[in-house]
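Below is one structure, written out as structure tokens; the observations come after it.
All values reported here derive from a predicted model rather than from experimental measurement. Only heavy atoms go into these numbers, but all of them, side chains included; no hydrogens, no water, no symmetry mates.
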Amino acid sequence: MLLERDRSRLLMVDVQERLLPAMSDPALIVNNGARLLEAARSLAVPVTVSEQYPAGLGHTVPELAKLAPANAVHEKLEFSCFANPDLRAALSAPDRQTVIFGIEAHVCVLQSALEMAAASHDVTIVVDAIGSRAPHSKEIALSRMQAAGVRLATTEMVLFEWLRRAGTAEFKAISRLIR
């Protein structure tokens with residue numbers, strides 16, 4: 001099944017100041033996360049942002065925070081976004097496809113995706129925009145999520161599926177993010 005921008009929502013999980021530097025490839029997460037956020041803004045895809053214990057881990061890194069809507073941020077203590085009442089409400093709109101990126105792949109991203117899938121939500125993980133401290137933790141998390149029915153995609157897959165066609169003003173704007 002292809003992603004549909006009119007049914008999609010983008011969830012950025014815990015890409016925070018004190019947590020991001022410990023990831024195995026932080027630049028990849030920020031670069032692809034920025035492309036996803038810019039495309040979401042251009043294509044009117046709703047965005048939800050989680051921050052895990054910001055008093056200890058800091059807030060969303062500035063380069064991504066500036067691209068997210070100010071009212072989209074939800075603080076949490078639970079590892080799963082779906083276990084947090086405010087986030088669960090934000091993520092529970094009927095018939096939505098949730099596209100997830102962020103950190104850590106094997107903790108908050110994994111638990112959020114698995115709980116959402118168990119509740120019959122349509123979930124896609126952007127594999128080149130998630131990370132863990134150890135690459136093997138990310139690999140195992142992806143295997144577990146895929147086994148649970150969570151779909152995997154790359155940043156470019158998401159962008160082109162949201163676009164569906166070339167030759168439009170939207171295509172020109174989004175294609176700049178791919179170059």
Side-chain angles (χ1 to χ4, degrees), residues 3-82 84 86-93 96-105 107-109 112-113 116 123-133 138 153-163 168-179:
L3 292 167
E4 300 174 38
R5 72 173 169 204
D6 294 337
R7 290 186 51 223
S8 289
R9 128 187 44 259
L10 182 63
L11 172 60
M12 176 171 51
V13 178
D14 308 344
V15 186
Q16 294 166 247
E17 298 161 317
R18 291 187 200 109
L19 190 56
L20 181 66
M23 297 305 106
S24 65
D25 195 349
L28 185 69
I29 296 163
V30 170
N31 292 339
N32 286 331
R35 295 187 327 163
L36 290 162
L37 288 164
E38 287 182 42
R41 182 175 51 207
S42 294
L43 300 172
V45 172
V47 174
T48 303
V49 178
S50 71
E51 290 184 344
Q52 177 73 30
Y53 182 59
L57 297 174
H59 291 283
T60 301
V61 294
E63 48 272 56
L64 296 181
K66 70 182 181 186
L67 299 172
N71 63 347
V73 179
H74 299 266
E75 295 182 7
K76 66 182 179 68
L77 294 175
E78 302 82 2
F79 297 125
S80 168
C81 292
F82 211 58
N84 176 281
D86 292 335
L87 277 160
R88 186 181 190 104
L91 298 170
S92 290
R96 280 281 182 192
Q97 299 172 317
T98 302
V99 177
I100 300 175
F101 80 95
I103 54 181
E104 281 194 73
V107 184
C108 297
V109 171
S112 299
M116 291 183 78
V123 181
T124 299
I125 298 295
V126 187
V127 298
D128 58 356
I130 64 169
S132 292
R133 288 164 288 155
K138 175 181 171 178
T154 64
T155 299
E156 286 193 18
M157 287 176 181
V158 172
L159 299 184
F160 283 109
E161 288 177 35
W162 282 349
L163 282 170
T168 65
E170 292 171 333
F171 175 78
K172 285 184 180 182
I174 302 302
S175 66
R176 288 185 207 123
L177 300 173
I178 296 165
R179 295 184 195 146

Min side-chain heavy-atom separation Val127-Thr154 under 4.5 Å: yes
Nearest heavy atoms of Gly58 and Gln16, plus distance in Å: O-NE2, 2.7 Å
Note, Asn32 side chain near Val126 side chain (heavy atom, < 4.5 Å): no
Heavy-atom pair of closest approach, residues Val13 and Cys108: CG1-CB, 3.7 Å
side-chain hydrogen bond (donor to acceptor under 3.5 Å, both in side chains) partners of Ser112, counting only residues at least two apart: none
Donor-acceptor under 3.5 Å (Arg133 side chain, Met23 main chain): no
Short side-chain to backbone donor-acceptor contact, Arg5 and Ala44, under 3.5 Å: no
Donor-acceptor contact present, side-chain Gln52 to main-chain Leu57, <3.5 Å: no
Donor-acceptor contact present, side-chain Lys172 to main-chain Ser175, <3.5 Å: no
Point-to-point distance, once rounded to the nearest 0.5 Å, from CG of Asp86 to OG1 of Thr48: 11.5 Å
Spatial distance of atom NZ (Lys76) from atom OH (Tyr53) [nearest 0.5 Å]: 13.5 Å
Side-chain heavy atoms of Asn84 within contact of Ser50, under 4.5 Å: no
Derivation and outcome, side-chain contact (heavy atoms from CB on, under 4.5 Å), residues Ile178 and Glu156: CA-CA 7 Å; Ile178 296 165; Glu156 286 193 18; 3.4 Å; yes
side-chain contact (heavy atoms from CB on, under 4.5 Å) evaluation trace for Asp6 with Glu4: CA-CA 6 Å; Asp6 294 337; Glu4 300 174 38; 5.5 Å; no
Partner residues of Phe101 under the ring-ring contact (aromatic ring centres under 6.0 Å, His included) criterion, sequence neighbours left out: none
Side-chain touch Asp14/Glu104, heavy atoms, less than 4.5 angstrom: no
Leu43 CG to Glu38 CD distance, which is reported to the nearest 0.5 Å: 11.5 Å
Straight-line distance of Ile100 CD1 to Leu91 CG, nearest 0.5 Å: 7.5 Å
Arg96 side chain to Ser8 backbone, donor-acceptor under 3.5 Å: yes
Rounded distance (nearest 0.5 Å) linking atom CD1 of Ile29 with atom CG of Leu19: 9.0 Å
Spacing of OG1 belonging to Thr155 relative to CG belonging to Asp128, to within rounding of 0.5 Å: 3.5 Å
Side-chain donor-acceptor distances from residues 59-72 under 3.5 Å, at least two apart:
{"unit_1": "His59", "atom_1": "ND1", "unit_2": "Glu51", "atom_2": "OE1", "d": "2.8"}
{"unit_1": "Thr60", "atom_1": "OG1", "unit_2": "Glu51", "atom_2": "OE2", "d": "2.8"}

Heavy-atom closest pair, residues Val47 and Ala40: CG2-CB, 3.8 Å
Distance-minimising heavy-atom pair for His74 and Ala90: NE2-CB, 4.0 Å
